[in-house]
**Q** 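Got a structure for you, written out below as structure tokens; questions coming shortly.
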Amino acid sequence: MKKVIDQLVKAVGRENVFTEKEDMLTYSYDAAVLDSVVPGVAVMPENSEQLGQIVKVCAENKTPMTVRGSGTNLSGGTIPSGASGVVVLTGKLNKILEINEADMYAVVQSGVVTATLAAAVEKKGLFYPPDPGSQAVSTLGGNVAENAGGLRGLKYGVTKDYVMGVSFFDAMGEYVKSGSRTVKCATGYNLTGLMVGSEGTLGVIDEIILKLIPLPKARKSMVTVFKTIEQASEAVAAIIAARIVPATLEILDNFTIRAVEAYSHAGLPIDAGALLLIEVDGHPGQVEDEGAAVEELCKKLGAESIKVAADDAERDKIWAARRSALSALARLKPTLVLEDATVPRSKIPAMVSAIQEIAAKYKIEIGTFGHAGDGNLHPTILTDKRNKEEWHRVESAIEELFDRALSMGGTLSGEHGTGLAKAPFLEKEIGHSSILFSRRLRKAMDPDSILNPGKITGVI
Amino acid sequence: MAGMNELANRLKELEDQLVICNRCGMCQSVCPLYEQTRKESDVARGKLALLDGLSKNLFTDPDGVDKRLNNCLLCGSCAANCPSGVSVLEIFIKARAIIAEFKGLSPAKRLIFKKMLANPATFDRLTEWAGKFQGLFTKSEKNAQGTSCARLVSPLLHDRHLLPMANKPFHKTRASVDTRTGRSGLRVAFFTGCIIDKMFPRIANDLLDVLEYHGVGTWIPGGQGCCGIPALASGDRATFEKLVEYHVDLFDSQKYDYLVTACATCTSTIKKLWPSIYGGKASGTREKIRQLSERTLDINQFLVNKVGLHDMGTGVDADGEAVTYHDPCHLKKSLGVFKEPRQLIQASGKNLVEMEGSDKCCGMGGSFNLYHYDVSSKIGTIKQKNIADTGCKTVSTGCPACMVQISDMLAKGGLNIRVRHPLELYAEFLRNQKLIT
């Protein structure tokens, strides 16, 4: 390790290399509820050249490396590999290099915070829709590596739908450029697509070209109240079946409503079985038509009341209530496990029932909220990890949640990634031959297994 | 180091508070220090993880954790933004005390806290001497902020632009005040606070004039000292508790309806830290602290919510002088007070112009400014730019410590912008209207 540290110091300067035990502890975890792993050294490059040199040092010494943005990962993607490993911090690679209004794209360094880019482009009447819950902190490099989602996935898609190109260092430290600044690009392999969601296992992301779209001219938000969560989830399916695609279509169950109300006193109906928070956007006429159609559908399906936000202040209130869901639940118990098993959206009612059954079966508390419109629910388990017996039940419940989602044609993760948390279950979803193909691909790109070992496909 | 088990055991008393942190990392988005360094150990999540590690005996000595724990402005931005509601400041302060009790205070801190701060009369005498001799070491800059700079190169002063000590501290001109309740039917006790007493007696005098104008009776007991936050922030819980007990006795009276301060830091300390950190045995004292802290209000809050301002059609006065306002962390993030100072400024006939990041920490952070002046200045430079960008010639803020830092930053930038407490602007308005003299 000493040799590696010396070489890193030579590459980036003493002030950007951290080895003290205390610093190492602070790079041993991310936001996932997983055991921490303490790395051997952390290094903070200030530019692309330094980033490349770091990869070369790791390649030369066959030292495993894990890239860390803000460490908001919810599946353990940024948990390091161990005492012989390097953590590469992208905090100083945080420049927006270009916002091209004519061609509607932005070029950013991997450490740019998502919300910073979103705010910068909105000032120019442009829109970067992916909005993970942690967007105030999460980095775009991390979003690309994890293929992050968010509240607007239903209409606008997720990170992968906005990545036009990625520049990265491969496992040998060679600089590779993929994609293009053009809307269409059909040359070569789609290396960009390969890099998105690769969780740092195929290359180290340096710069990203991101697609921007026009900022919608109008939007309308509403809260609809349902007596039961079944009714609410049927309304979700009905809205989509009516060929209406809201920008956002979120669900909150009674447990979550009560937690939010106790915390924020926003005036939510605590007796409601569930709430749907809906936003339609686009041209003013379209927004009027779709808004009215959604209202009518919800009424037909038994909505007890519908409240349309009269102005921006009321709109902000609705989304503040939604955004506080996680916070409100987090205050109830010491440990919170936010899952993201996802199903085809027509299966939302069935998944909602399955979550309730699982909570009862394992005698644990689960609050359900999430992106109902795209099938990406967040069953959120409230527990205390120190209670070993209960934690054991939680682990079993999580596995059953995965199984039920897969049995409905769903996926283990809608937006948090595989990481360490879901690596053991991956084969259940993609099958044995896909696992083998993935491992061969990985081996070909990274023969010495230095890039974020252990993630996605497990140890290869 | 021997005794690490003992330290780990003592830190276990924080376990129930530490375990609430889900390590989501949201604290990174608001931490002024992290914005500069991008280091995880500088942000709350990292520090909480380190304390957890220390309590689990992962380190052989506490120095590394202690060093990182102290590298913090205690601005409370993280706590105010924490989805899980982790009591970050309370944890940090308790942990600093536990570690300081384990390691012992440095000789310099022992001298400052135990010999000076803990004895209000000694502290007053020493600062008075300092005030008298300051001219030997500093020279006035004759700028809008009224700062001085050092005549000699000093490693302690760096290139600071200092606000001078008052020629006469407030307590020397008005040793104690006791006026009758007027038409408001209210009577307040005034906790002066060190910086107002020794650097800004003009604010205390304005406060008396304004209260008199509004028919509020004022009681200022003599012999006041420090609220205890500097000692507490350095882990000296004993000095803090001594000061709390001293003041609770001094202010323990039925002679007032509210205790007001014009210092955001003092208000926050009295309201939040006195009751939550005081660990003294006497249950009577605890009850007295609770009663006192409940009756404590920031002066802006008191004037706006309890008195009602001079009726001049409060609201935006577009023709008034443009003034921008900086939210002291201890007012907005700790106490949720941010509307009232703005209302006071508008009631003073000013045109309030919001700056970018008005509630972003100015970088002062008490002794943080002393020990980490470089980073403190970098944070302060952002504030300086945001103030300058408004084009205002006055910046107002409700914390004298912020006033010191902002004055330094503006003076450094050579900016012709004055720094005033909202109360001063209100007094200035009443004076211009010939309502007070």
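Below, read A as the first sequence line, B as the second, and so on, with proteins coming before strands; counting in each chain starts at 1.
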**Q** What part of A:Leu89 is in contact with chain B, defined as an atom under 4.5 angstrom from a non-hydrogen atom: side chain, backbone, both or neither?
**A** neither

**Q** At a heavy-atom separation under 4.5 Å, does B:Leu58 approach chain A through its side chain, its backbone, both, or neither?
**A** both

**Q** Taking atom CG of A:Leu336 and atom SG of B:Cys24, what is their separation to the nearest 0.5 Å?
**A** 9.5 Å

**Q** For B:Ala44, what residues pass the side chain to side chain contact (heavy atoms under 4.5 Å, CB included) criterion, not counting sequence neighbours?
**A** B:Cys27, B:Cys78, B:Val88, B:Phe92

**Q** Could you check which of A:Gly111, A:Ala32, A:Gly91, A:Ala330 has the highest count of heavy-atom pairs closer than 4.5 Å to chain B?
**A** A:Gly91

**Q** Which residues pass the side chain to side chain contact (heavy atoms under 4.5 Å, CB included) test with A:Ala262, sequence neighbours left out?
**A** none

**Q** What residues form a side chain to side chain contact (heavy atoms under 4.5 Å, CB included) with A:Ala120, not counting sequence neighbours?
**A** A:Ile96, A:Ile99

**Q** No hydrogens needed, just list the donor-acceptor pairs between chain A and chain B under 3.5 Å.
**A**
from, atom 1, to, atom 2, distance (Å)
A:Glu20, OE1, B:Arg68, NH2, 2.7
A:Lys21, NZ, B:Leu58, O, 2.6
A:Asp23, OD1, B:Lys39, NZ, 3.4
A:Asp23, OD1, B:Ser41, OG, 3.3
A:Asp23, OD1, B:Arg68, NE, 3.0
A:Asp23, OD2, B:Arg68, NH2, 2.9
A:Tyr27, OH, B:Glu40, N, 3.2
A:Tyr29, OH, B:Glu40, OE2, 2.8
A:Arg68, NH2, B:Glu40, OE1, 3.4
A:Ser70, O, B:Gln28, NE2, 2.9
A:Ser70, O, B:Arg45, NH2, 2.8
A:Ser70, OG, B:Gln28, OE1, 3.4
A:Gly71, O, B:Arg45, NH1, 2.8
A:Gly71, O, B:Arg45, NH2, 3.4
A:Gly91, O, B:Arg38, NE, 3.1
A:Arg331, NE, B:Pro83, O, 3.0
A:Arg331, NH2, B:Cys82, O, 3.0
A:Leu336, N, B:Asn22, OD1, 3.4
A:Arg386, NH1, B:Glu15, OE2, 2.8
A:Arg386, NH1, B:Asp16, OD1, 3.2

